[in-house]
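What follows is a short report on a single structure.
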Amino acid sequence: MRHIAIVGSGPAGYYTAEAAQKQWGDDVRIDIFDMLPVPYGLIRFGVAPDHQSIKGVTRRYEQTALADNVRFVGNVKVGQDVSIAELQDLYDAVVLATGAPRDKDIGIPGDHLKNVFGSAAFVGWYNGHPEFAALDPDLSGHTAVVIGMGNVALDVTRILSKTREEFAGSDIVAHALERLMASKIKRIVILGRRGTHQIMMTPKELGELGHLSRTAPWVDPRDLPEEVEDALLEPGIRKSVTHLRSFAAIPESHRADLPLEVEFDFFASPQGLMGEGQVQAISVERTRIEAGRAVGTGEFYEIPANLVISCIGYQTSPIEGVPFDDGAGRFANDEGRILPGLYCVGWARRGPSGTIGTNRPDGFGIVEMIAEDFPQSQRKTGRVGFDALAAARKLDVVSFDDWKKIEEAETLRARDDAPREKFVDVEEMIRASGHD
Ligand code: NAP
């Protein structure tokens with residue numbers, strides 16, 4: 001019998017479990033650990049609340065979770081409640097699927113000012129992550145600046161723009177919905193340090209921005225190169241640029257009638273944030289592109305900014321005892337191998353890129369690697385050993401059945417037009433699971 005511990009119950013974790021089931025069938029036991037009492041990581045806390053069809057992938061993970069040889073071991077902090085070395089003693093292989101939940105620092109003067117947030121925090125706030133539920137962003141100012149030209153910048157801009165009706169069917173948490181509905185923001189500026197041909201936004205997500213009721217996005221036609229140059233682009237980005245061209249063609253008269261301005265500012269590199277306690281403005285340097293890179297031109301300007309959200313990428317949280325690559329912001333690894341018997345997968349392995357589906361081949365790849373490294377079982381104690389350790393330490397482990405009770409309670413207390421109202425507090429989750 002093989003015993004595998006997977007740390008992290010997001011997409012990479014569940015795809016790895018699915019792959020291990022396929023590889024070893026009845027000859028494997030898999031424990032999926034999560035620091036929270038609820039599973040699914042990025043799907044619950046990262047994917048936008050108005051993208052419910054993407055969240056539907058959890059039905060597939062549930063099929064994996066409900067198999068007899070897979071367990072959810074929630075509410076256990078690896079690195080704190082149990083160390084990596086202890087897990088390695090208990091399991092044949094330990095796979096870190098912890099994603100990249102921390103913001104990459106923007107590292108400009110003033111980034112400590114109030115109402116300046118990274119997207120992990122801001123997205124965590126509207127998605128009800130217990131760590132960020134109390135973020136309390138001030139949306140009473142006129143202008144929000146969103147830094148970055150990726151899909152997270154789009155998510156954040158869309159969430160700041162929608163009406164209550166446009167949130168119907170979403171699972172945005174009540175505290176965020178009410179704050180957003182009272183928002184006084186009239187202008188959102190999306191800052192990109194490079195140009196229209198270098199955006200990371202994908203066509204479907206960018207297209208959505210063109211269908212919001214309170215706003216019509218504005219692109220300055222002068223930022224777009226000659227249309228013939230689009231032919232050189234890959235098909236995906238070419239489609240995204242086509243959306244930018246259609247935004248640039250929206251007549252001023254149409255935008256003037258709408259209550260919210262959303263404006264793309266290209267060739268704009270953030271240099272500093274100013275304000276007395278709370279942010280009031282951002283200083284930006286104009287750039288030009290040289291060999292694909294943004295180079296400062298020496299021309300600076302300021303944009304008033306009452307709220308700043310930097311959506312510039314994420315990094316993995318280090319775990320004690322696991323070699324970490326500080327520059328890359330992920331575990332130091334060779335194609336997923338960290339140390340003998342210790343692996344990483346998904347964003348914890350390759351950084352925050354790709355779609356949710358990209359993690360599936362990643363999970364299958366890591367299982368093949370484990371099978372190659374350990375053709376025989378190591379005769380470890382696996383879950384029996386872990387249960388003894390958890391009992392000795394009085395860990396309050398939350399099982400998958402417990403999670404189903406939390407899920408049911410969240411469904412019962414949902415708004416009429418919402419699939420669930422998430423608990424945003426760990427104690428509340430545990431109470432809903434039936435634990436004292
Ligand atoms: P991303 O796609 O890597 O975009 C990050 C953006 O931040 C880029 O425009 C980048 O510009 C900019 N940036 C980085 N450092 C910067 C700095 N110091 N100053 C100014 N700008 C800076 O990252 P993401 O938006 O966080 O998304 C992460 C992954 O999740 C992506 O694969 C994304 O597609 C995926 N995702 C998908 C969806 C969806 O499909 N619905 C939703 C959300 C996220 P440069 O290009 O110049 O570096």
Side-chain angles (χ1 to χ4, degrees), residues 10-12 41-57 99-111 116-124 126-127 145-159 170 189-209 236-237 239-241 244 264-273 282-296 303 308-316 327-330 346-348 350-359 362:
L42 180 91
I43 305 294
R44 180 176 166 109
F45 296 116
V47 171
D50 56 343
H51 281 171
Q52 288 298 314
S53 59
I54 300 181
K55 290 184 194 264
V57 73
R102 283 200 308 151
D103 281 306
K104 210 172 92 182
D105 293 329
I106 180 104
I108 55 174
D111 57 5
V116 176
F117 304 110
S119 52
F122 195 75
V123 172
Y126 63 63
N127 268 332
V145 170
V146 175
I147 303 172
M149 292 265 182
N151 283 334
V152 172
L154 277 176
D155 282 348
V156 164
T157 304
R158 198 178 63 253
I159 295 298
S170 82
V189 181
I190 310 174
L191 280 189
R193 61 182 172 182
R194 297 194 292 158
T196 52
H197 275 193
Q198 287 84 31
I199 55 168
M200 302 296 283
M201 296 164 169
T202 47
K204 184 167 162 282
E205 287 65 29
L206 186 55
E208 272 180 86
L209 206 62
I237 177 150
K239 268 195 198 158
S240 291
V241 173
L244 295 179
F264 286 79
D265 194 353
F266 293 101
F267 309 104
S269 173
Q271 298 300 313
L273 297 153
I282 179 165
S283 148
V284 177
E285 183 177 14
R286 244 322 139 236
T287 63
R288 62 170 181 272
I289 306 299
E290 280 179 15
R293 293 177 66 88
V295 179
I303 305 171
V308 173
I309 302 160
S310 105
C311 308
I312 62 165
Y314 298 115
Q315 46 187 331
T316 296
R330 54 177 186 246
W347 281 9
R350 57 173 214 281
S353 65
T355 64
I356 286 159
T358 315
N359 295 300
D362 240 37

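Ligands are counted one by one from 1 in listed order, and the atoms in each one are counted from 1 as well. Keep in mind that the numbers below use all heavy atoms, side chains included, and drop hydrogens, waters and symmetry copies.
At least one heavy atom of G354 sits under 4.0 Å from some atom of ligand 1. Ligand 1 lies out of reach of G192, whose nearest heavy atom is not under 4.0 Å from it.
Remark: among candidates R293, H51, M200, R194, the nearest residue to atom 47 (O) of ligand 1 is R194, based on non-hydrogen atoms. Of the candidates K104, E208, M149, it is M149 that places a heavy atom closest to atom 6 (C) of ligand 1. Taking only non-hydrogen atoms, the option from I190, V152, T287 nearest to atom 44 (C) of ligand 1 is V152. Closest heavy-atom approach to atom 22 (C) of ligand 1 among the candidates I147, I312, I54: I312. Residue E205 holds the heavy atom nearest to atom 39 (C) of ligand 1 of all those in R158, K204, E205.
Contacts of F264 classified as ring pair (Phe, Tyr, Trp, His ring centres under 6.0 Å), with partners at least two apart in sequence or in another chain: F266. Among residues two or more places apart in sequence or in another chain, the side-chain contact (heavy atoms from CB on, under 4.5 Å) test is passed with V47 by I43, H51, I54, K55, I356.
Using a 4.5 Å cut-off on side-chain heavy atoms (C-beta onward), L154 and V146 make no contact. By the 4.5 Å heavy-atom criterion applied to side chains, N359 and R350 are counted as neighbours. Looking at heavy atoms from C-beta onward, V123 lies out of side-chain contact with F45 at the 4.5 angstrom threshold.
Closer than 4.0 Å to atom 20 (C) of ligand 1 lies at least one heavy atom of the protein.
Between the N151 side chain and the T202 main chain, a donor and an acceptor come within less than 3.5 Å of each other. The backbone N or O of V189 lies less than 3.5 Å from no partner atom in the side chain of D265, so there is not a single donor-acceptor pair.
When heavy-atom distances to ligand 1 are checked against a 4.0 Å cut-off, D155 comes that close only through its side chain, counted from C-beta outward. No part of S310 comes within 4.0 Å of ligand 1, judged by heavy-atom distances.
Of the protein's non-hydrogen atoms, G150 CA, 3.6 Å is the one closest to atom 4 (O) of ligand 1. Shortest contact from atom 11 (O) of ligand 1 to any protein heavy atom: R193 NE, 3.7 Å. The single protein non-hydrogen atom nearest to atom 36 (N) of ligand 1 is N151 CB, 3.7 Å, given as residue, atom name and distance.
Under the 3.5 Å distance criterion, with hydrogens and angles disregarded, a donor-acceptor pair is assigned to the side chains of Q271 and S269.
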